[in-house]
Number of protein chains: 2
Amino acid sequence: MTSPAVSSRALPHPERGEIRLEGILHALSDPMRLQIVRELAAVGDELSCSHFDLPVTKSTTTHHFRVLRESGVIRQVYQGTAKMNGLRRDDLDDLFPGLLDALLGAAARQAIRLGSG
Amino acid sequence: MTSPAVSSRALPHPERGEIRLEGILHALSDPMRLQIVRELAAVGDELSCSHFDLPVTKSTTTHHFRVLRESGVIRQVYQGTAKMNGLRRDDLDDLFPGLLDALLGAAARQAIRLGSG
DNA sequence: TTCGTAGTTTGACATTCGACGTACTACGAT
DNA sequence: ATCGTAGTACGTCGAATGTCAAACTACGAA
């Protein structure tokens, strides 16, 4: 009944020092990826890919999560068949203090403005 | 000796309410455009396109400035043959308080980190 | 061991992007 | 009226992007 063990299947992440602002902005300039990040931030915990009910196929979902991981926005780790996703808050806050919160705040504001909770 | 008059040549800008966060992030995810915006912010005034010495042709320069204008990041106005560019600070600060400064701060930090004033 | 669930990989496709060159327009200065 | 400067428009090109379908892998449960 315990959670499945963390697997060691390879999942390349950029190191903290390799993360680029341009890459983060590009990753978040896609509405679907921005939504994923907002949800991760709201929950404040790791979520599996399948937790998200995205209006695209599985392969497209895989693609979006990979863009987020390779840009340094999220960290991914296998846990059984599930792949858990978590924001790299520590690294992002260290590299760019205040940026993530400003982005999340802006996204929240826009969501309200455009009339969708 | 006075400045040339502001011309009325058409230059479509999105209204404040039409500006989208995703568009801003996409616009700023290009290194050249991010650099332009940093420079505009540093000067705090309007600058002509030709003030920037970009390593691309004139037509590519036109392209980048148009992306910035159409995403709502800058405002452009003709003044004689020159086209003056200014940040839309008022609109951006109203729509997304703190976002622009966070982005500029992040860009400055990264520039220092990567060792280029 | 067999099955189902979660996610990957590959290849295709249409679109967009960043860059270019050439020909063009708009305006100020001479 | 002519010239030079600033920037545009258009067409092109190669690379990247977002999407899909189909075949596949990895793991837990029965």
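Letters A, B, ... are given to chains in the order of the sequence lines, protein chains preceding strands, and every chain is numbered from 1.
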Could you work out which one of [options] sits closest to the side chain of [X]?
X	options	result
Thr57(A)	dA19(C), dT19(D), dA21(D)	dA21(D)
Thr62(B)	dT19(D), dG7(D), dA19(C)	dG7(D)
Val56(A)	dT19(D), dG18(D), dG7(C)	dT19(D)
Ser50(B)	dG7(C), dA19(C), dG7(D)	dG7(D)

Take the protein atom [atom1] of [X] and the nucleotide atom [atom2] of [N], then report the distance between them rounded to whole Å.
X	N	atom1	atom2	result
His64(A)	dG7(C)	NE2	C1'	15 Å
Gln76(B)	dA6(D)	CD	P	16 Å
Lys58(B)	dT5(D)	NZ	P	10 Å
Phe65(A)	dG18(D)	CZ	C1'	15 Å
Arg66(B)	dA9(D)	CZ	P	6 Å
Asp30(A)	dT15(C)	CG	C1'	14 Å
Glu22(A)	dC17(C)	CD	C1'	16 Å
His26(A)	dG18(C)	NE2	P	9 Å

Answer with base, sugar-phosphate or nothing: what part of the nucleic acid does Ser7(B) contact at a heavy-atom distance below 4.0 Å? sugar-phosphate

Distance col, row Gln79(A):CD vs Glu46(A):CD, nearest 0.5 angstrom, shows 7.0 Å

For the CD1 atom of Ile24(B) and the CD atom of Glu22(B), what is their distance to the nearest 0.5 Å? 9.0 Å

Does Ser59(A) get its side chain close enough to the base of dA21(D), under 3.5 Å, for a donor-acceptor pair? yes

Would the base of dG28(C) count as contacting Thr81(B) through its side chain, where contact means a donor and an acceptor less than 3.5 Å apart? no

Only one of Asp101(A), Asp45(A), Asp94(A) passes salt bridge (Lys or Arg N to Asp or Glu O under 4.0 Å) with Arg89(A), and that residue is Asp101(A)

Arg75(B) side chain to Gly86(B) main-chain N or O, any donor-acceptor pair under 3.5 Å? no

Comparing Ser29(A) and Ser48(B) on DNA chain D - which has the more 5′ nearest nucleotide: Ser48(B)

If only side-chain N and O atoms count, and only distance matters, is there a donor-acceptor pair under 3.5 Å linking Ser59(B) with Thr62(B)? no

